There are 2 protein chains.
Amino acid sequence: MKNRDEVRELFKAKKVPLTHQRLAVYEELSGRKDHPSAEALYESLKKDYPSLSLATVYKTLQTLHEMGMVARVDSPAAQARYDAIVETHHHAVCTACGRIEDLFDPRLDTLPAPKAEGFVPSGHSVHFHGLCARCAKASAQKTR
Amino acid sequence: MKNRDEVRELFKAKKVPLTHQRLAVYEELSGRKDHPSAEALYESLKKDYPSLSLATVYKTLQTLHEMGMVARVDSPAAQARYDAIVETHHHAVCTACGRIEDLFDPRLDTLPAPKAEGFVPSGHSVHFHGLCARCAKASAQKTR
DNA sequence: TACTAGTGGATAATAATTATCAACCAGGAG
DNA sequence: CTCCTGGTTGATAATTATTATCCACTAGTA
Ligand SMILES: [Mn+2]
Ligand SMILES: [Mn+2]
Ligand SMILES: [Zn+2]
Ligand SMILES: [Zn+2]
């Protein structure tokens with residue numbers, strides 16, 4: 001939980017202008033444990049900042065994400081992806097091209113039970129993210 | 001990989017009418033390893049079934065999902081959810097109300113490397129799914 | 001205080017998904 | 001095999017989430 005001065009430092013270090021709106025979005029999100037959506041943040045924020053725009057919340061979250069100050073839960077894929085394999089297995093997701101590969105590894109099938117008070121688990125899934133073989137190769141080309 | 005007769009059995013067992021479209025969507029999805037989107041399936045299918053509608057693909061995937069014959073990769077959440085905690089941690093997602101709770105458990109932070117040829121991993125996340133304390137309680141009420 | 005590149009607000013546009021509804025068909029009765 | 005009927009399909013409108021646009025405005029600097 002970063003305080004206001006640490007936030008100022010981060011913006012200064014990355015040479016990103018710090019606006020009231022950006023600070024407000026970040027502080028609102030920091031103060032919450034419920035992993036809110038952009039819409040949910042907007043609803044809370046507009047009480048204190050009636051002129052704030054929903055579009056600004058989206059743009060700000062994207063900025064904060066690029067700065068590494070905010071994470072997106074789940075996949076960044078805009079559209080749902082389906083699988084005819086319903087047996088337990090896991091996935092390697094390419095962050096460059098969106099490719100999703102299957103991972104069958106029994107060592108991932110049994111994990112320590114989630115330590116969340118009262119939570120009744122029914123299963124789990126592991127997502128590795130990174131670069132698929134093709135994109136890794138392409139990326140290596142570019143850096144060379 | 002279920003054959004056509006096994007599919008018929010499953011539909012009969014669950015008393016869900018088996019239509020040509022449902023069979024076609026299921027067989028197309030079964031034959032693919034790329035975790036396609038509804039749109040991608042539709043594009044493939046309309047070559048053989050020119051009258052097929054995209055809406056039917058969506059409805060069929062939902063039906064197959066409810067029957068347990070199809071899985072959705074990633075979260076079922078329609079909208080993106082954000083987190084100010086960027087340090088490695090994991091989540092317990094309630095399938096009933098969408099609540100997302102944090103899980104801090106170092107045992108989940110290091111997992112066996114993904115066995116995908118050429119994949120260059122940069123990280124991973126574990127999602128447990130199940131019922132949160134509140135929904136588990138509500139569900140227990142109903143069954144009583 | 002003044003300058004200016006970048007940002008914010010308002011809103012239009014786009015993309016994904018869901019709802020609507022009349023015509024049609026799967027599956028069971030006769 | 002034919003008929004009946006409720007559930008399904010196809011066409012399309014509506015909705016929802018997100019992104020793009022564009023001009024006025026402000027943060028950061030001098
Ligand atoms: Mn899979
Ligand atoms: Mn979290
Ligand atoms: Zn890739
Ligand atoms: Zn819940």
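Model, not experiment: these values are computed from the prediction. Sequence lines set the chain letters: A, B, ... in the order given, protein chains first and strands last, and positions in each chain run from 1.
By the neighbour-count criterion of 12 heavy atoms within 6.0 Å, atom CZ of A:Arg4 is sparsely surrounded, having that number or fewer from other residues, nucleotides or ligands.
Atom NZ in B:Lys59 sits roughly 6 Å away from atom C1' in D:dT9 (whole-Å rounding). B:Lys14 places its NZ atom 18 Å from the C1' atom of D:dG7, with the value rounded to the nearest Å. Distance, A:Glu9 CD to D:dG28 P: 13 Å, rounded to whole Å. If you measure from atom CD of A:Gln79 to atom C1' of C:dT18, you get 15 Å, rounded to the nearest angstrom. With rounding to whole Å, B:Leu61 atom CG is found 10 Å from C:dT17 atom P. Remark: C1' of D:dT8 and CG of B:Leu18 are 12 Å apart, rounded to the nearest angstrom. C:dG6 atom C1' lies 14 Å from atom CZ of A:Phe11, rounded to whole Å. The CZ-P distance, from A:Arg22 to C:dG9, rounds to 11 Å in whole Å.
When heavy atoms are screened at a 4.0 angstrom cut-off, A:Ala80 is found touching the sugar-phosphate backbone but no base atom. Note on A:Ser51: only backbone sugar-phosphate atoms sit closer than 4.0 angstrom, heavy atoms only; bases stay farther off. Counting any heavy atom pair closer than 4.0 Å across all strands shown, A:Gln62 reaches sugar-phosphate atoms only and no base atom.
Within the 4.0 Å cut-off from OP1 or OP2 of D:dT18, at least one side-chain nitrogen or oxygen of A:Tyr58 is found. For the pair A:Gln21 and C:dG9, the criterion of a side-chain N or O lying under 4.0 Å from OP1 or OP2 is met. OP1 and OP2 of D:dT26 both lie 4.0 Å or more from every side-chain N or O belonging to A:His20. An OP1 or OP2 oxygen of D:dA11 is reached within less than 4.0 angstrom by no side-chain nitrogen or oxygen of B:Ser53.
Side-chain contact, A:His89 with A:Asp83: a donor N or O sits under 3.5 Å from an acceptor N or O. Between the side chains of B:Arg32 and B:Ser44, at least one donor-acceptor pair of N or O atoms lies under 3.5 Å. For the residue pair A:His35 / B:His91, a side-chain donor-acceptor distance below 3.5 Å is found, with atom types taken as modelled.
Both B:Thr19 and B:Ala55 sit near DNA chain C, but only B:Ala55 has its closest nucleotide nearer the 5' end. Both A:Val16 and B:Pro17 sit near DNA chain D, but only B:Pro17 has its closest nucleotide nearer the 5' end.
A:Leu108 places none of its side-chain heavy atoms less than 4.5 Å from the side chain of A:Thr88.
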